[in-house]
Structure formats: structure tokens, C-alpha cells
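In what follows, a structure is listed as C-alpha cells, so that the remarks can point back to it.
Note that ligands are numbered from 1 as they come in the structure, with each ligand's atoms numbered from 1 the same way.
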Amino acid sequence: MERKWWHDSVVYQIYPRSFKDSNGDGIGDLVGIIEKLDYLKELGIDVIWLSPVYDSPNDDNGYDIRDYEAIMAEFGTMADFDRLLDQAHERGIKIVMDLVVNHSSDEHAWFAESRKSKDNPYRDYYIWRSANEDGTLPNNWGSIFSGPAWELDETTNEYFLHLFSKKQPDLNWENEKLRQEVYQMITRWLDRGIDGFRMDVINLISKTPGLPDATVPSGALYGDGGQHYINGPRIHEFLKEMNDASFGQYDVLTVGEMPGATTEDAILYTDPERKEVNMVFTFEHMDLDSGPGGKWDVQPFNLQKLKENFTKWQVALHEKGWNSLYWNNHDQPRVVSRFGDDTTYRVESAKMLATLLHLLKGTPYIYQGEEIGMTNVAFESIEEYEDIEIRNMWKERTEQGASPAELLRAVHIKGRDNARTPIQWDATEHGGFTTGTPWLKVNPNYPSINVEQALADSDSIFYYYKQLIALRHQHDLIVYGEYALILEEETDVYAYTRTYENETWYVYCSFSKEKVTVPLSHDTSDSVIGNYNESPLVSKEELVLRPYEAIVYRIFR
Ligand code: NOJ
């Protein structure tokens with residue numbers, strides 16, 4: 001496989017609203033990011049993925065874009081953006097923007113036109129339908145943010161499709177003019193000097209013609225429309241066309257956020273010969289703790305399922321495609337709370353999870369705050385949550401008679417605001433995030449978990465991430481080596497090997513709060529990295545792992 005700069009890069013995701021506020025309005029901003037570039041340089045990352053910074057009414061915190069070519073006033077100006085880009089580039093850090101083109105805001109100029117009349121030139125930029133003859137909605141699809149996927153617009157008495165909130169109408173990708181406008185917008189950003197795009201739910205843009213009804217899962221209120229829009233009929237054609245007309249002409253990183261993509265789909269999306277996107281951002285491992293009722297139907301973590309799933313992806317994409325690696329983003333709960341232990345073994349388990357992920361094949365993504373082991377938050381009242389997904393779900397389910405206590409528990413475990421509480425920079429009020437009132441409360445554990453503390457402790461999670469990032473830059477084995485699962489039957493340990501040329505690394509990761517003994521079949525004199533200061537107890541045949549221990553050995557043949 002031809003080598004690419006993004007193969008050995010590590011990406012750091014910034015959710016600007018929660019990163020650093022420079023002007024005391026309680027909202028993170030671009031100047032705040034500029035102030036912290038040296039911090040990111042110290043960590044050693046190569047690329048920043050900026051969650052949306054475009055002008056937006058913030059129904060979904062910027063994922064509802066009003067103007068693709070203006071900066072959100074709360075975040076600063078275009079001059080601030082250019083300065084951020086320059087200052088990042090000066091430090092050798094690239095910037096990847098979020099591209100949200102499955103939908104726009106209902107306040108976008110295109111939608112303002114589109115809704116005016118049925119014969120408006122922009123009408124067909126969105127997906128409009130009249131009610132069925134019996135007065136029912138155009139189809140039975142549910143919105144991903146609860147409720148139906150259709151909203152009536154009284155001006156023309158027709159419904160528009162919105163897979164997300166009703167302030168996020170879906171763009172009509174069947175319309176050639178719309179597609180060309182999007183490609184031109186992408187090209188203008190690339191010409192401004194940015195280094196690529198993370199493409200929001202990009203495998204949802206092609207819908208089955210006729211928008212047929214979907215089957216309704218048992219116990220659900222609406223049809224599962226995903227059957228008709230996930231990896232839809234024209235998706236590969238659209239991505240090829242987009243590649244050809246825009247980013248394919250530049251040496252940039254493109255990562256498609258692709259819920260519902262299988263390994264077979266991912267190979268099609270990322271096979272370099274096909275010229276669609278560089279890599280996929282997939283979700284199967286994030287769904288392992290969800291039951292048949294979906295995200296809020298919380299199930300206990302099962303390590304065997306995780307092993308099976310990662311192994312399937314590692315093996316299937318080897319030499320055929322490219323995946324991203326992540327535990328966290330702005331839509332997911334904090335991994336140390338989810339798959340680790342956020343109390344007694346917070347530091348050990350955060351480092352263990354980092355080891356497991358960062359030694360796999362793919363491009364790792366670190367989400368802001370992960371590098372200091374930030375945890376989930378448990379606000380006492382639903383009023384303290386800001387996320388539209390949480391709020392809509394709460395309204396719909398309480399109206400259906402669900403128990404508020406159970407819903408709140410699910411929000412504590414799975415809610416997106418777990419990831420969105422502001423970064424804890426130091427132990428001063430609001431964790432040093434703002435001098436004003438933060439838009440979302442800071443996690444009350446900021447006096448003990450914060451960046452200042454992490455930077456002062458040479459044993460911190462931060463410096464461990466720094467080592468892992470540096471290892472990826474130094475070793476082709478991590479970037480290109482072949483993966484194999486070992487100790488498959490061990491229920492508390494995830495162990496695998498990576499092999500490249502004459503070298504093999506053995507990675508052991510314990511998910512247990514107790515000591516675990518596993519069989520050994522190789523020499524242990526050369527250890528690459530581990531999360532305890534003293535070596536573990538080893539004999540010729542056995543290795544005794546301490547709680548949440550991670551240890552990596554290397555052998556040469
Ligand atoms: C995926 C984004 O990551 C999420 O935050 C957003 O709500 C939806 N797409 C809709 O844009």
C-alpha cells in the first residue's frame with residue numbers, strides 16, 4: 001500500500017465550544033484554541049479535527065450550519081481562523097474541518113428560499129413531500145433525535161425531511177446543482193489552506209428513491225429509516241464525484257463518519273484505487289453496550305465482544321482499506337468511565353485503554369480531555385443538560401410514561417454531554433475554562449483532574465499518551481504491521497500481536513480490578529511500554545498482570 005502522511009498521524013479532536021474560552025462569555029473560541037497550541041505541540045499530535053466552527057444558530061452546537069463560509073460569532077472571526085491555521089501550521093500541526101452536508105440549518109439561505117414556494121429555484125435543494133392521501137406523514141421514518149423525521153412547513157403545506165432535529169433539514173443530493181455548490185464550497189476551504197475534512201454522517205446522503213416506509217422495530221414508535229439511507233444506492237457515486245471535483249485534487253485527509261458501515265462497506269469506501277475517502281470512522285465498537293432498544297438501552301460492557309469486533313476490523317481492512325481508531329468523541333461518553341474504572345484505577349485504566357487503541361492499525365483520534373483522563377459527569381437534574389438528543393429523548397420517553405430515574409441513569413452513562421463538559425485546565429473556578437459562566441457546567445472533579453496537574457506529574461496520563469504518539473511516529477510496525485489476536489479465551493485480558501518484517505510486539509491489556517495470570521510463550525526481556533513503573537511478575541510460562549495493567553514486549557526473529 002502506498003504510504004501516506006496520514007498513515008502515521010495522530011489526530012486530536014477539538015470541540016471548540018468546550019475547549020478554552022478567551023473572552024469570558026462562557027463559550028470556547030478560536031483565540032482560546034490558539035492559546036493552547038503549544039500544549040498540543042507538547043502532546044505531539046499531528047492533526048487537529050475542529051468540530052464545526054461555522055455560523056450556526058446552535059440547535060445542535062454547530063452541526064446545523066447557517067453559512068458554510070462564515071465563522072460562528074461566538075467563536076471569533078475569519079481573521080482569527082486564518083491566524084489559527086497559520087499558527088498551527090507554524091508548529092507543524094495540520095487542521096481538518098468538519099464537513100456537515102447531509103443537512104444544513106433551517107436558517108441557511110438555501111432553506112429560506114426553498115421553503116418560500118413550490119417553484120422556488122432552491123425548492124429541490126431539500127427533500128419536500130406532501131402528506132399521504134389519508135393525511136398521514138410522507139413515510140414512517142423516525143428522526144435520530146426522536147419524533148418523526150418529517151416537519152410540516154405551513155407556507156406550502158408540505159413536509160420536509162430531517163433525519164436529525166427539525167432545525168436540520170436534509171439536503172437533496174439527487175439535485176446536481178446542490179452537489180456542485182457543495183463541491184465548490186469544499187474547494188474554497190481547501191484553497192484557504194486547510195488540510196482536509198471529517199465528513200459528518202456522510203454515508204447517509206443517498207436515500208432510496210421514493211423514500212419507502214421502513215420496518216418498525218419491536219417496541220419502537222417509528223420505522224427504522226436507516227434501511228433506506230445508510231450506505232444508500234448512490235453513495236459511492238456521490239463520493240467519487242465529490243473526490244474528483246474537490247479534495248481528490250489535494251493531498252489532504254478525508255475521514256467519513258459512517259454509522260452502519262460494515263467492514264465490506266469500509267473497504268469499498270477506502271480502497272485507494274476507488275478514490276472515495278481516505279478512512280472511515282465506524283461505530284460497531286461503540287454500539288456493543290447498547291441493547292435491542294438502542295443507545296439508551298444500556299448493557300454491561302463485554303470484553304469478549306470488543307475483542308471479536310476489533311479483530312474483525314483489523315483483519316478485514318489489512319492492506320485493503322484504512323480505519324480510524326477512537327474511544328471518544330463529542331457524541332460518546334468518556335471511555336475511562338465506560339470501559340475502564342473512573343475511581344480507584346482511573347490512571348491505570350486510562351493508560352491501559354490508550355495502549356490497547358494506540359498500538360492497533362489505523363489512524364488514532366484523541367478527543368479533548370481524554371489525554372488527562374476526564375470522566376463522565378452525573379448532573380442531578382435533567383435541566384442541567386444542554387444536548388438536543390438528550391432533551392428530545394427525555395421529552396418523548398417521559399410522555400410515553402418511562403421512569404425519569406431510569407432515563408437519568410441512562411443519560412449519566414450514555415449522554416453526549418459527558419464529552420462536552422468544558423476542559424479542566426486547572427484547579428481554579430470552572431476549571432480555568434472561563435472567567436464567566438460556562439455554557440455547560442464543568443465536571444465537579446476539576447480540582448483533582450486537570451491539565452495543570454497532569455503537566456506537573458511525569459507519571460500522568462498525559463505523558464503516557466505523549467509516549468504512545470511518539471512510538472507511532474518511530475515504528476513502522478505500529479503503522480503497517482499485521483495484527484493477530486492471542487489468548488482469545490481470556491475473559492479479562494485483551495492480548496494481541498503486531499508483526500512487521502522480523503519483529504513482533506506482544507500487547508497485553510487487563511480489564512480486571514484483580515490480578516490475572518496468563519500463559520506466556522515468548523521472551524520478556526525487552527518491554528516497550530507499560531503502565532506500571534515496576535515490571536510485572538513473570539516466569540518462563542506465566543505473566544501476572546496487576547489491575548488494569550498494560551504491558552508490551554518486543555521480540556526479534
Ligand atoms: C454526527 C455528529 O457527530 C453529531 O454530533 C451530530 O449531532 C450529527 N452527526 C448530526 O450532524
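- The aromatic rings of Trp439 and Tyr15 lie tilted to each other, with the angle between the two planes from 30° to 60°.
- In this structure, His108 and Tyr68 have tilted ring planes: the angle between them lies in the 30° to 60° band.
- No close placement of the Tyr126 and His103 rings is indicated, their centers lying 6.0 Å or farther apart.
- In this pair, His412 and Tyr385 present their aromatic rings tilted. The plane angle is within the 30 to 60° band.
- Below 30°, between 30° and 60°, or above 60°: for Trp189 and Phe81 the angle between ring planes is above 60°, a perpendicular geometry.
- In summary, of the residues considered (Arg129, Arg115, Arg123), a side chain to side chain donor-acceptor pair (under 3.5 Å) with Glu158 occurs for Arg123 alone.
- The 4.0 Å heavy-atom shell around ligand 1 contains residues Asp60, Tyr63, His103, Phe145, Phe164, Arg198, Asp200, Val201, Glu257, His330, Asp331, Arg416, Arg420, ordered by chain and number.
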